[in-house]
Amino acid sequence: MEPTKFDIQFSAIRRAVIERVFSRMNDRQKEAIFCTEGPLLVLAGAGSGKTSVLIHRIINILRFGKGYDSPYATPNTGMEDLAFLANYLEDPKPEHEARAMQLCAVEPVKPWNIVAITFTNKAAQELQNRLTNAVGEADASAIWAHTFHTCCLRILRRDIERLGYSSTFTIYDEDDKKRVITDLVRKLRLDDKIFEPRKIMNEISRAKDNLITPRTFAVDQRGEFYMGRVAELYALYEKEMRANNALDFDDIILKTIQLLRENADILEHYQQKFRYVLVDEYQDTNHAQYVLTALLAGGYKNICVVGDDDQSIYKFRGATITNILEFEQQYENAHVVRLEQNYRSTDTILNAANGLIRNNQNRKGKELWTDRTGGSKIRLHRSDTQENEAEYIVRQILEGVERGRKWNEFAVLYRNNVLSNAVETAFRRQSIPYRIYKGRDFFSRAEIRDMFAYLWVIENPSDTLRLKRIINVPARKIGARSIEIAEEIAAQEGVPLFEVVRRADTYSELGRGAAAMMRFAQMIEELRELRTEVSLSEFYEDMLDVTGYQESLENKGDTESRSRLENIMELKSNIVSYEEQSEAPSLSEFLEEMALYTDADKQDENDETVLLMTMHAAKGLEFPVVFLCGMEDGVFPGFRAEENDEDLEEERRLCYVAVTRAKQELYLTCAERRLMYGQTRYAHPSRFLREIPEELLDSNCSATPRMNDMDTPSVGGVNPSYRKPSGLAGGTAPAALFAAGDCVVHRAFGEGMVTSVKAMGGDQLLEIAFTQKGTKRLMAKSAAQFMQKR
DNA sequence: AATCCGGTTCTTTTT
DNA sequence: GAACCGGATT
């Protein structure tokens, strides 16, 4: 069918109306939004409005479908509709909007035909929230906007039985996984120095990422001493996981692929369902994830991937930058859109980022730009020691606060976690409120893991790993030897350990341990019963009681136990809020959600504290002021990366990610010597610093290392590589002495009164009640620079 | 079963 | 320097 003249006329005016809807987007963004059919690669630079593009692209698909590009008119459209739209374009009255939108919708898409896959819960949450705001709760919740793992679990939940697992399957995290591997290494009597569980885990993970089954792995590694054994371990691991009815994070993806590949009907179902597939952070996908997305998008081939090859920083976790670099080969006639306009940072920061990343060979090539010029120079500061580096950061923050910034406008980023120590010490000394942004801190506490172990065992009787964790916690007189015997029986009979424990009295080998085991099993079964009768939160309370866990902590009564009790109660509030949020709360759904949850997900953005985190953790975040500390060769880039170009490029990308977190001010700090791994090391400023155009820097040192710069911090030399910070005379300033009752003025905390003074190692620990900011503890010497008596 | 000691190791870690 | 693990000790 040829488009008629009317069609063409109508089509043009429709485009204009649609363009108006997305008028806040730039041309490149619109290109991505309107390209709905076929494979699309969006190369989205840092801060280029990637999430907005994803959202608006979904909105466009929902409202207009192919409307933008279709040369045809909507069926049953007449001349009067054309006039109506023309009129609406001239004068868009809100009351005409609904009809105008309806006329423009050539082939609107149902929300359940769209899947948008992200990596983090946070990103998925943000998508969901913004979609809800834009298209309403009903439509938004029908869209699958989830992480890879949540998507896969939704698929598995329906059909995992086809793979021979029961639907009450358990999810093992990295620690659980390590436990299983360690036990296996021991069982095989292998040397765990050579067969390091962490290494084995990694090998198995990589194999799974690449969809290599234990069988293929064994064939590939036949005759190899080390890898041959790894193959054996892989096979045993797989067997063990099946026996426990458990999946690890890799399995969640892998088993989904297997399910889809082996069951044409299921594949067909999802390929029909997902007419539009969107994938975020594509540069961080591994091979399995690539295969998964290809399978899901296999029906309509409408796959849109968004990513930035320059921000690929998870190679060590199996991400292959190849996926994004070769998208155009993998998907013929793929359309490519580059988003290079940055809405986040000053052009100083962007030029630094561009200068840096230009040194990478293996990339698609992008230059970030902004139409807002200006911005203060990047401050490069070299200190003599890590303590003074931290002091410098403290000073800058306090000065910033004095000028009116809030604590949460600052972030301190570092390459590895140890670097946070010096900064933390300095922060504590000056009572700077801070928080460390870290993954699963809460969930890795022993007491929390215990609670989850109980819950998983109640849900999944085959979960032997968790059963072993809690069978004797609190102490129930079930010794290690009894458990071992019971495990042997279980292995012989081919039943889960719990089954043996439940019928312990039928095995004479168990001797005196049998009674205690029976009691334990009865308790668990009682709890299973109870679970069906009361709400989840009530059940949790009862569980704390019935298991005696709470009591045993209360009986100890030390500080440690009290904090454990607090954590256990904290978990209760997690349960309560889950119950409020879920439509049909269930134990299995709760456990599943929690297995994929991290502490970072509940981070409160309005929390008024300085944030400390690794550069990796900072990806996707932004802050007005950013400090990058430990900018030294050997630290960043790390000494491991100095040898090989590929690793060095990954480190450079990490640096690029870190730099582009800053919106207004960027500080780069390094120290001449640093205490690391028990010895003081001397280091040159990071080579990355030299890659930043010099005119963007305001520095107290030269980024170019001089031959002897580490032994002679030559003050007043021709080209001093390091100068002592002016003003603060290397910490030797005479400490102003304070006494209780003194009134003081602090530059960041305002007026206050010293309420107590304690002598501490030639210094004083002051407690000061500030009129505005409450009571703080400060060390007198360091505080003196920001505070005066009055 | 709990605690102490000594040897070892030391990127990063969205789920 | 610190944290973690395993073995020995009580």
Side-chain angles (χ1 to χ4, degrees), chain A residues 117-125 146-153 171-179 182 186 192-193 196-198 201-202 205 208-209 247-254 280-286 288-289 307 311-319 386 413-422 425 437-441 443-444 472-481 556 592-601 613-621 630 634-642 647 650-651 653-655 657-658 674-681:
Chain A
I117 309 176
T118 64
F119 267 83
T120 61
N121 297 315
K122 206 176 170 180
Q125 200 68 55
H146 298 306
T147 63
F148 268 102
H149 291 83
T150 307
C151 282
C152 288
L153 283 172
I171 299 166
Y172 281 7
D173 70 13
E174 299 301 295
D175 288 336
D176 300 323
K177 189 170 157 183
K178 193 170 168 201
R179 184 81 260 148
T182 310
R186 265 193 221 146
D192 62 4
K193 291 279 164 358
E196 239 180 286
R198 267 185 49 177
M201 269 171 75
N202 223 20
S205 249
K208 288 188 180 180
D209 286 351
L247 299 183
D248 65 25
F249 288 138
D250 304 320
D251 288 331
I252 292 174
I253 312 283
L254 187 68
D280 194 12
E281 304 280 17
Y282 196 66
Q283 75 282 356
D284 288 327
T285 49
N286 60 32
Q289 286 159 337
Q311 290 190 69
S312 165
I313 55 173
Y314 283 106
K315 184 178 137 209
F316 67 95
R317 280 182 56 101
Q386 57 190 347
L413 313 183
Y414 34 82
R415 174 67 241 260
N416 53 210
N417 288 303
V418 278
L419 294 178
S420 74
N421 289 337
T425 309
Y437 185 96
K438 219 175 170 234
R440 284 179 68 84
D441 232 12
F443 295 88
S444 59
N472 201 33
V473 178
R476 297 192 177 90
K477 302 230 159 59
I478 303 176
R481 185 65 199 136
K556 276 195 191 157
E592 201 175 286
E593 235 171 74
M594 286 300 134
L596 303 180
Y597 191 85
T598 67
D599 289 353
D601 296 328
M613 67 186 93
T614 63
M615 294 175 180
H616 281 90
K619 200 173 95 178
L621 306 177
V635 177
F636 187 44
F639 65 96
R640 269 162 240 261
E642 280 167 352
D647 289 346
E650 174 125 336
E651 294 277 290
R653 288 193 291 270
L654 183 58
C655 189
V657 167
R674 181 180 299 278
L675 188 64
M676 260 188 124
Y677 304 136
Q679 53 183 319
T680 304
R681 293 154 187 261

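Please read all numbers here as calculations on a predicted model, not as lab measurements. Order of the sequence lines sets the chain letters (A, B, ...), proteins ahead of strands, with each chain counted from 1.
Using a 4.0 Å heavy-atom distance criterion, Glu651(A) is classed as a base contact. Within the nucleic acid shown, Asn421(A) has no heavy atom closer than 4.0 Å to any nucleic acid atom. Nucleic acid contact class of Asn417(A) (heavy atoms, under 4.0 Å, all strands): sugar-phosphate only. No engagement by Ile253(A) is indicated, since no non-hydrogen atom pair under 4.0 Å with the nucleic acid exists. Contacts of Tyr314(A) with the nucleic acid, taken as non-hydrogen atoms under 4.0 Å apart, include base atoms.
Closest to the side chain of Tyr677(A), out of dC10(B), dT12(B), dT13(B), is dC10(B). In this structure, of dT15(B), dG1(C), dT13(B), it is dT15(B) that holds the atom nearest to the side chain of Glu174(A). Closest to the side chain of Asn472(A), from the set dA1(B), dT12(B), dG1(C), is dA1(B). With dT15(B), dG1(C), dT13(B) as the candidates, the nucleotide lying closest to the side chain of Phe316(A) is dT13(B).
Taking atom OH of residue Tyr597(A) and atom C1' of nucleotide dT14(B), one finds them 15 Å apart after rounding to whole Å. One atom, CZ of Phe443(A), and another, C1' of dT15(B), lie 13 Å apart when rounded to the nearest Å. Spacing between atom CZ of Phe119(A) and atom P of dT14(B) amounts to 12 Å, rounded to whole angstrom units. In this structure, the CG atom of Leu654(A) is 11 Å from the P atom of dT12(B), given to the nearest Å. Arg198(A) has its CZ atom 12 Å from the P atom of dT13(B), to the nearest Å. Met613(A) places its CE atom 12 Å from the P atom of dT14(B), with the value rounded to the nearest Å. Computed from coordinates, the Tyr414(A) OH to dT13(B) P distance equals 9 Å when rounded to whole Å. In this structure, Arg476(A) places its CZ atom 13 Å from P of dA1(B), rounding to the nearest Å.
No donor-acceptor distance shorter than 3.5 angstrom exists from the side chain of Glu281(A) to the backbone of Thr118(A), with no hydrogens or angles considered. Distance alone, capped at 3.5 Å, is enough to place a donor-acceptor pair between the Arg653(A) side chain and the Ser312(A) backbone. Side-chain atoms of Thr425(A) come within 3.5 Å of backbone atoms of Asn421(A) as a donor-acceptor pair (strictly under, hydrogens ignored). At distances below 3.5 Å, at least one donor-acceptor pair connects side-chain atoms of Glu642(A) with backbone N or O atoms of Gly634(A). Although no hydrogens or angles enter the test, the distance criterion places no donor-acceptor pair under 3.5 Å between the side chain of Asp251(A) and the main chain of Leu254(A).
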Worksheet item: Between Asp176(A) and Ile171(A), is a side-chain contact (heavy atoms from CB on, under 4.5 Å) present by the stated rule, with each step listed?
Response: CA-CA 9 Å; Asp176(A) 300 323; Ile171(A) 299 166; over 6 Å; no
Practice prompt. Apply salt bridge (Lys or Arg N to Asp or Glu O under 4.0 Å) to the pair Arg317(A) and Asp209(A), showing each step before the final yes or no.
Written response: CA-CA 9 Å; Arg317(A) 280 182 56 101; Asp209(A) 286 351; over 6 Å; no
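Nearer to the 5' terminus of DNA chain B, by closest-nucleotide assignment, is the contact made by Gly678(A) (compared with the other of Gly678(A) and Thr614(A)). Position along DNA chain B of the nearest nucleotide to Ala480(A) versus Lys619(A) favours Ala480(A) as the more 5'-ward residue.
Partner of Phe119(A) under the side-chain contact (heavy atoms from CB on, under 4.5 Å) criterion, out of Thr285(A), Thr147(A), Asp280(A): Thr285(A) alone.
Donor-acceptor pairing under 3.5 Å is recorded for the side chains of Lys177(A) and Ser205(A).
Spacing between dT12(B) and dC5(C) at atom P, rounded to whole Å, works out to 15 Å.
With sequence neighbours excluded, the residues forming a ring-ring contact (aromatic ring centres under 6.0 Å, His included) with His149(A) are Phe249(A), listed by chain and number.
One finds no side-chain N or O of Thr150(A) lying less than 4.0 angstrom from the OP1 or OP2 phosphate oxygen of dT15(B). At least one side-chain nitrogen or oxygen of Asn121(A) sits closer than 4.0 Å to the OP1 or OP2 atom of dT15(B). A sub-4.0 Å separation between OP1 or OP2 of dT15(B) and a side-chain N or O of Asn286(A) is absent.
Taking 3.5 Å as the limit, the base of dT15(B) and the side chain of Arg317(A) contain a donor-acceptor pair of atoms between them.
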Short N/O separations, protein against nucleotides 6-10 of chain C, under 3.5 angstrom:
unit_1: dG6(C); atom_1: OP1; unit_2: Arg186(A); atom_2: NH2; d: 2.7

N/O contacts under 3.5 Å, protein versus nucleotides 4-8 of chain B?
none

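Using cut-offs of 30° and 60° on the angle between ring planes, the pair Tyr314(A) and His616(A) is tilted.
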